**Student:** 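Structure in structure tokens, see below.
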Amino acid sequence: MEGTISDDSGEIFSRPDSEITVELVPHPATSSAGLQIQVEARRTGVVLNIEYRVTGLIAALRLPKPTARVRADGLWRTTCFEAFAGCGQGYAEYNLSPSGAWAAYGFDGYREGMCPLEQPAPMIVTRQTPETFVLTTDLILPPEVDGRIGLTAVIETLDGAISYWALAHPAEKPDFHHPDSFLLTLPESSA
């Protein structure tokens, strides 16, 4: 696996093989709860393969119970993994629940013009040990995707505390939609 590269602007990008592993950080206003989150991402054409790996005391996490692969709104209210893909002035948002539920939305601009993004239900696969929780999926990106990616997570613990994780937190309050949080540039790979 190739390492992370960062230029002077703070932009994170991958080597030409379009595969990268990055660390998410909790928003300064929220606690890490002793957790760490790594994300491995690879883009091939319009498919974005993502593996989220949470390490720490997994028994303390509130993980939604398994359900059918259904589209559902409001998944971000509890433990949920998210990805954002830039599309010119707009972007796509994907919400992935450990339960198997999912959502995908298209936006025309910053929090504007939200509508459901039509696509097949992604297969969400999870694995768990006492110290590790892994969620893997393949997402279908819109054809107009420009390579800018934001990777995020909402983590709820059993005591009800919620932490917000991202590549960067450019705003005072957690805001995964902020354009400056789409730090990962993942160009298309042919294989």
Side-chain angles (χ1 to χ4, degrees), residues 1-6 12-15 17-44 47-72 74-85 93-104 120-141 149-169 174 176 181-186 189:
M1 179 64 53
E2 299 293 343
T4 302
I5 303 169
S6 178
I12 300 171
F13 57 96
S14 69
R15 297 196 189 278
D17 65 3
S18 293
E19 183 175 318
I20 192 165
T21 300
V22 293
E23 298 274 341
L24 300 186
V25 295
H27 188 276
T30 63
S31 168
S32 71
L35 301 171
Q36 292 183 321
I37 303 178
Q38 280 190 331
V39 187
E40 183 178 301
R42 175 194 316 252
R43 179 177 167 211
T44 305
V47 176
L48 179 62
N49 174 268
I50 309 172
E51 179 177 281
Y52 293 88
R53 180 177 299 274
V54 181
T55 55
L57 182 59
I58 302 305
L61 300 184
R62 185 177 310 271
L63 296 171
K65 302 265 187 252
T67 187
R69 284 191 310 159
V70 296
R71 185 184 285 256
L75 297 173
W76 51 269
R77 290 185 173 112
T78 187
T79 301
C80 178
F81 299 87
E82 301 183 2
F84 293 79
E93 174 187 0
Y94 302 88
N95 298 173
L96 309 159
S97 173
S99 71
W102 65 282
M123 178 65 73
I124 298 171
V125 177
T126 62
R127 300 183 308 278
Q128 182 175 337
T129 70
E131 293 84 29
T132 306
F133 176 83
V134 177
L135 181 142
T136 305
T137 193
D138 290 334
L139 300 174
I140 306 298
L141 300 171
I149 303 291
L151 299 170
T152 65
V154 176
I155 303 294
E156 183 177 10
T157 53
L158 294 175
D159 64 4
I162 295 180
S163 57
Y164 300 91
W165 298 71
L167 294 167
H169 297 281
F176 297 158
S181 66
F182 297 11
L183 287 183
L184 182 64
T185 300
L186 206 53
S189 171

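As the structure is a computational prediction, the values presented were derived from the model and not from experiment. Note that the numbering runs from 1 along the sequence shown for the chain.
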**Student:** Who passes side-chain hydrogen bond (donor to acceptor under 3.5 Å, both in side chains) against Arg69, sequence neighbours left out?
**Tutor:** none

**Student:** Taking side-chain hydrogen bond (donor to acceptor under 3.5 Å, both in side chains) as the definition, give me every residue that meets it alongside Thr79, ordered by chain and number, with sequence neighbours left out.
**Tutor:** none

**Student:** So, taking the atom named CD1 in Ile20 and the one named CZ in Arg43, what distance separates them when rounded to the nearest 0.5 Å?
**Tutor:** 14.0 Å

**Student:** Mark yes or no for whether Tyr94, through its side chain, and Ile140, through its backbone, hold a donor-acceptor pair below 3.5 Å.
**Tutor:** yes

**Student:** side-chain contact (heavy atoms from CB on, under 4.5 Å), that's the test. Do Leu61 and Thr157 meet it? Break it down for me.
**Tutor:** CA-CA 4 Å; Leu61 300 184; Thr157 53; 4.2 Å; yes

**Student:** Side-chain contact, heavy-atom cut-off 4.5 Å: Leu63 with Gln128?
**Tutor:** yes

**Student:** I need the Glu19 CD to Glu40 CD distance, nearest 0.5 Å.
**Tutor:** 5.0 Å

**Student:** Measure the OG1-CD1 distance between Thr30 and Ile155 for me, rounded to the nearest 0.5 Å.
**Tutor:** 10.5 Å

**Student:** For a 4.5 angstrom cut-off between non-hydrogen side-chain atoms, does Thr21 reach Arg53?
**Tutor:** no

**Student:** So Thr55 and Leu35, do their side chains get closer than 4.5 Å, heavy atoms only?
**Tutor:** no

**Student:** Which heavy atom of Leu151 sits nearest a heavy atom of Ala83, and at what distance?
**Tutor:** CD2-CB, 4.1 Å

**Student:** Sequence neighbours excluded, which residues qualify as ring-ring contact (aromatic ring centres under 6.0 Å, His included) partners of Phe176?
**Tutor:** none

**Student:** Compare all side-chain heavy atoms of Thr78 with those of Pro64 and state whether any distance is below 4.5 angstrom.
**Tutor:** yes

**Student:** About how many Å separate OG1 of Thr67 and NZ of Lys65, when rounded to the nearest 0.5 Å?
**Tutor:** 12.0 Å

**Student:** Give the intermediate values and the outcome of side-chain contact (heavy atoms from CB on, under 4.5 Å) for residues Thr129 and Ile58.
**Tutor:** CA-CA 8 Å; Thr129 70; Ile58 302 305; 5.8 Å; no

**Student:** For residues 151-169, which residue pairs qualify under salt bridge (Lys or Arg N to Asp or Glu O under 4.0 Å), counting only residues two or more places apart or in two chains?
**Tutor:** Arg62-Glu156

**Student:** Find the distance between OG1 (Thr152) and OH (Tyr52) and round it off to the nearest 0.5 Å.
**Tutor:** 6.0 Å

**Student:** Partners of Ser32 by side chain to side chain contact (heavy atoms under 4.5 Å, CB included), sequence neighbours excluded?
**Tutor:** Pro26, Trp165

**Student:** How far apart are the closest heavy atoms of Phe81 and Pro98, and which atoms are they?
**Tutor:** CE1-CG, 3.9 Å

**Student:** Ignoring hydrogens, what is the shortest heavy-atom contact between Ile37 and Ala153? Give both atom names and the distance.
**Tutor:** CD1-CB, 4.1 Å

**Student:** Where is the tightest heavy-atom contact between Ile162 and Val154, given as atom of each residue plus distance?
**Tutor:** CG2-CG1, 3.6 Å

**Student:** Indicate yes or no: at least one non-hydrogen side-chain atom of Pro122 is less than 4.5 angstrom from one of Leu96.
**Tutor:** yes

**Student:** I'd like to know if the side chain of His169 reaches the main chain of Ala29, judged simply by a donor and an acceptor atom lying under 3.5 Å from each other, with no hydrogens or angles considered.
**Tutor:** no

**Student:** Where do Leu167 and Val22 come nearest, in terms of heavy atoms and distance?
**Tutor:** CD2-CG2, 3.5 Å

**Student:** With a 3.5 Å cut-off and sequence neighbours excluded, list the donor-acceptor pairs that the side chains of residues 132-139 form with protein atoms.
**Tutor:**
residue : atom : partner : partner atom : Å
Thr136  : OG1  : Glu51   : OE1          : 3.4
Thr137  : OG1  : Met123  : O            : 2.9
Asp138  : OD1  : Asn49   : ND2          : 2.5

**Student:** Give the minimum heavy-atom separation between Ala41 and Leu186, together with the two atoms involved.
**Tutor:** CB-CD2, 4.0 Å

